[in-house]
Amino acid sequence: MHQRLAVTTVYVTHDQIEAMTMADKIVVMNNGYIEQAGRPLDLYDRPANLFVAGFIGSPAMNMLKGTVTNGALHTEDGTAWPLPVNGARPKDGPAVYGVRPEHLRLDAGGIPAVVQLVEPTGSETQVLMKVGSQSMVGGLSRARVGQAWRDPAGAARSPPLCICSTSNPVRGSEFGE
């Protein structure tokens, strides 16, 4: 409506999907303070902090807590997540690594995961999985998942699965603790 009327509009909502689809600019607030302001996809691709990263996007960004050493994030259960090879690298030490569900992909040489639930949504399939002790959501395209994920009765099953994150630095966000 604001585009048709060509007037400046301030619209307040708690629905981040609504904000992403309607806004030219979003201001994310937390307890009365501005956490980040910018274009919807800028906030999605480059959240300024953990609050914005967890608020913008559905399903939410996967947050992996651990320690950065030797070019990888090592979680408490011993899982090593290689960090992107391009772009800025976080300093060694405690960190939270954010990975969007759609930036996980199947990879035979990746990190082992156990499938807990498969939810086909049409254009993608959401896969709830455990990687070590960490629950994660992957948003995989239908072509990548295929029918091998379901038994003849339609129930989800847990085949061997390995995942990895993409190496594009825009698709991974590091947050110091």
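Throughout, numbering of the chain's residues begins at 1 and tracks the sequence.
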Minimum heavy-atom separation for [X] to [Y], with atom names?
| X | Y | value |
| --- | --- | --- |
| Asp24 | Pro40 | O-CD, 3.6 Å |
| Leu73 | Gly66 | CD1-C, 3.7 Å |
| Gly54 | Ala60 | O-CB, 4.0 Å |
| Met61 | Pro47 | CE-CG, 4.1 Å |
| Pro59 | Val137 | CG-CG1, 3.8 Å |
| Ala37 | Lys25 | CB-CE, 4.0 Å |

Legend entry - Test side-chain hydrogen bond (donor to acceptor under 3.5 Å, both in side chains) applied to Gln16 - qualifying residues, sequence neighbours left out: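 Expected list: none.
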Inset, instruction - Taking side-chain hydrogen bond (donor to acceptor under 3.5 Å, both in side chains) as the test, write out the residues that go with Thr121, two or more places apart. - result: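 Not a single residue meets the side-chain hydrogen bond (donor to acceptor under 3.5 Å, both in side chains) criterion with Thr121.
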Inset, instruction - Could you check Ile56, Leu43, Asn49 and say which one makes a side-chain contact (heavy atoms from CB on, under 4.5 Å) with Gln36? - result: Leu43
Inset, instruction - Quick one: name the residues clustered hydrophobically with Ile34, using the 4.5 Å side-chain heavy-atom rule over I, L, V, M, F, W, Y, and just say none if it's on its own. - result: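 Other cluster members: Val27, Met29.
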Legend entry - Check against side-chain contact (heavy atoms from CB on, under 4.5 Å), Met129 and Val131: CA-CA 7 Å; Met129 64 191 94; Val131 178; 4.3 Å; yes
Roughly how far, to the nearest 0.5 Å, is the [atom2] atom of [Y] from the [atom1] atom of [X]?
| X | Y | atom1 | atom2 | result |
| --- | --- | --- | --- | --- |
| Phe51 | Asn30 | CZ | CG | 3.5 Å |
| Asp45 | Arg100 | CG | CZ | 8.0 Å |
| Glu35 | Ile26 | CD | CD1 | 14.0 Å |
| Thr75 | Trp81 | OG1 | CH2 | 8.5 Å |

Legend entry - Residue pair Leu104 / Val127, side-chain heavy-atom distance below 4.5 Å: no
Inset, instruction - Taking the side chain as every heavy atom from C-beta outward, state whether Ser135 and Gln116 have any pair of such atoms under 4.5 Å apart. - result: yes
Listed partners of [X] passing side chain to side chain contact (heavy atoms under 4.5 Å, CB included), at least two apart:
| X | result |
| --- | --- |
| Thr69 | Thr67, His74 |
| Asp15 | Thr13, Ile17, Glu18 |
| Asp92 | Val68 |
| Gln134 | Leu64, Met136 |

Legend entry - Arg39 NZ/CZ over Tyr44 ring centroid, <6.0 Å and within 45° of normal: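 Here Arg39 fails the 6.0 Å and 45° test against Tyr44.
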Legend entry - Side-chain donor or acceptor of Asn62 paired with backbone N/O of Gly98 under 3.5 Å: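 No; judged by distance alone, with no hydrogens or angles, the pair does not exist.
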